[in-house]
Amino acid sequence: MRDLNELVRANIKELEPYSSARNEYKAQALAFLDANENPYNSPYNRYPDPLQGKLKEKLAVLKGVGSSCIFLGNGSDEAIDLVFRIFCEPKVDNVVAIDPTYGMYEVCASVNDVEYRKVRLDDAFQFKAEDVLYASDRHTKVAFLCSPNNPTGNNLSSSEIKELLERFDGMVVLDEAYADFSSSASFLPCLSRYPNLVILQTFSKAWGCAGMRLGVAFASPSVIAYFNKVKYPYNVNALTQEKALEMLEDVGKVDEWVDILLRERERLMQRFAQLACCVKVYPTDANFFLAKVQDAGRVYNHLACNGVIVRNRSKVALCGECLRITVGTPVENDLLIKVLKNYV
Ligand SMILES: *Cc1c(COP(=O)(O)O)cnc(C)c1O
């Protein structure tokens with residue numbers, strides 16, 4: 001890896017971050033008259049903790065990493081955008097990403113006017129570290145990987161991920177949004193071994209909190225310090241911090257949901273594979289699966305007309321005539337199958 005100071009944009013290195021009232025004075029007091037807050041309507045009259053100390057402490061224990069290795073944001077999408085703003089000089093630098101993958105990397109690249117280079121996955125939806133390295137040059141600051149990948153559902157080869165981490169001299173963002181559903185281990189225990197690794201996780205999937213908007217980035221403390229420098233001062237609101245702390249009191253519930261969803265995933269995939277319209281069901285390590293069908297547009301419309309909404313991924317690379325189907329409750333999954341049995 002190149003020195004972090006060489007990877008970070010010059011303006012970000014020199015940036016004097018905004019210092020909020022809550023940043024400057026954190027201790028107990030008799031009267032907080034420093035932030036122009038309304039003294040009424042407690043506790044929501046107060047600005048939230050800008051660095052979410054309590055929440056990070058709990059999450060650090062659960063995940064087995066130090067608090068200083070954690071960034072919390074308004075969804076993973078905030079962390080993705082910050083990666084561009086910290087590392088990529090508009091019109092000069094570029095990033096490389098596997099293709100197909102999660103659409104937000106490319107959107108964030110466009111918004112930040114950063115060239116986005118795609119490395120096509122093979123027929124088994126796998127990538128080679130060599131191909132990512134071949135696509136990169138001295139202006140490539142970041143490589144984006146997603147495992148389990150969206151929309152394909154599969155895990156990327158962990159030996160190729162390791163090889164990329166060892167040979168690529170920029171940052172590697174590994175999006176693990178679906179890690180809780182995966183049979184492969186998270187890369188989190190490897191965090192301290194790779195100073196160029198940024199792991200993304202989220203409360204939006206297994207944790208059942210997509211509406212809350214809470215994303216997590218894990219990285220070395222010096223990378224996390226740059227995230228904190230560039231983020232909005234109060235990027236995670238008080239209601240989200242409060243609810244997330246409550247969720248962390250009952251991790252067992254999340255494990256139960258995951259167990260149910262994994263069992264339902266197997267049942268749903270088996271039944272889907274037997275449908276007349278089904279060409280192929282792809283293996284998955286996430287809470288969704290990709291299925292090739294005869295005439296995806298027509299199957300999609302039939303489902304939608306009957307109140308069942310899935311994602312048509314036909315226009316995505318390697319996903320011709322494919323639908324992406326999220327595993328729902330047993331009742332919802334039965335409805336999907338019933339509606340498709342009536343499809344002719
Ligand atoms: C759903 C998803 C996310 C979650 O994004 P949030 O902003 O945290 O809701 C992140 N990455 C991938 C690949 C996803 O599919």
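Along the sequence shown, residues are numbered consecutively beginning with 1. Heavy-atom basis, side chains included; hydrogens, waters and symmetry copies ignored. Both counts, for ligands and for their atoms, begin at 1 and track the order of listing. All values reported here derive from a predicted model rather than from experimental measurement.
- Taking the charged nitrogens against the carboxylate oxygens, K253 and E256 have no contact shorter than 4.0 Å, which rules out a salt bridge.
- The main-chain N or O of F125 is found under 3.5 Å from a side-chain atom of N154 such that the two form a donor-acceptor pair.
- Counting only distance, with no hydrogens or angles, the side chain of Q294 and the backbone of C277 share no donor-acceptor pair below 3.5 Å.
- Centroid-to-centroid, the aromatic rings of F288 and Y178 come within less than 6.0 Å.
- Ligand 1 places these atoms under 4.0 Å from at least one heavy atom of A177: 2 (C), 3 (C), 10 (C), 11 (N), 12 (C), 14 (C).
- Contact atoms of ligand 1 toward S204: 6 (P), 8 (O), 9 (O) (distance under 4.0 Å to a heavy atom of the residue).
- Considering backbone and side-chain atoms alike, Y105 places every N or O at 3.5 Å or more from each N or O of ligand 1.
- When atom types are taken as modelled, the side chain of K243 and the backbone of L245 share no donor-acceptor pair closer than 3.5 angstrom.
- Of the heavy atoms in K205, only side-chain atoms (C-beta onward) come closer than 4.0 Å to ligand 1.
- At least one heavy atom of C146 sits closer than 4.0 Å to an atom of ligand 1.
- Heavy-atom contacts of Y178 reach the following atoms of ligand 1: 1 (C), 14 (C), 15 (O) (cutoff under 4.0 Å).
- Judged by distance alone, with hydrogens and angles left aside, the side-chain atoms of K118 form no donor-acceptor pair with the main-chain N or O of D99 at under 3.5 Å.
- Taking any N or O of N74, backbone or side chain, none lies under 3.5 Å from an N or O belonging to ligand 1.
- Close approach of ligand 1 to D77 (heavy-atom distance below 4.0 Å) involves ligand atoms 5 (O), 7 (O).
- Contact annotation: for R213 versus ligand 1, heavy atoms closer than 4.0 Å belong to the side chain alone.
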